[in-house]
Amino acid sequence: MRLYTRKSGYKKGNESNIPNIFALTLIKNFLTNNNYKEMRHEYFINDLNNKQVNQAIQDIKWLFKDYKDLDVVTIEKESTHEKESTEQDQQ
């Protein structure tokens, strides 16, 4: 799998190949970890039980097996300026 990282507001980012186990662990952590709860709700992903998480991981494995050039994980880093603006807006 390939992992893309990009700073918010930039069009180009970095691409790196990562082993499937790391990518699947990253996705599973995103789906289950409470630290990502707010972000999941932004993407309209409700809290999932273990069966639903396992089904999502199986579906992702199937997609990668059948579609070799598929990209699933893109990480966008929020810039410091945007983070400060967001924090000020919330206050």
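Side chains are part of it too, since the values below use all heavy atoms of this structure and drop only hydrogens, waters and symmetry mates. The model shown is predicted, which means the values in this text are computed figures rather than measured ones.
Taking the six-membered ring where tryptophan is involved, the planes of Y36 and F30 are tilted, since the angle between them lies from 30° to 60°.
Listed by chain and number, the residues in a side-chain hydrogen bond (donor to acceptor under 3.5 Å, both in side chains) with Q52 amount to none (sequence neighbours excluded). Partners of T32 under the side chain to side chain contact (heavy atoms under 4.5 Å, CB included) rule, at least two apart in sequence or in another chain, are V53. Applying the side-chain hydrogen bond (donor to acceptor under 3.5 Å, both in side chains) test to D59 and every residue at least two apart in sequence or in another chain returns Q55. Taking K37 as the reference, D47 meet the salt bridge (charged side-chain N to carboxylate O under 4.0 Å, His left out) condition, with sequence neighbours excluded. In terms of the side-chain hydrogen bond (donor to acceptor under 3.5 Å, both in side chains) criterion, N49 has no residue partners (sequence neighbours excluded). Among residues two or more places apart in sequence or in another chain, the side chain to side chain contact (heavy atoms under 4.5 Å, CB included) test is passed with N29 by T25. Scored by the side chain to side chain contact (heavy atoms under 4.5 Å, CB included) test, Y43 finds M39, I45 as partners (sequence neighbours excluded).
Separating the CD1 atom in I57 from the CD1 atom in I60 is a distance of 4.5 Å, to the nearest 0.5 Å. Note: N35 CG to R40 CZ = 9.5 Å, rounded to the nearest 0.5 Å. Between the NZ atom in K28 and the CG atom in N33 there is a gap of 12.5 Å [rounded to 0.5 Å].
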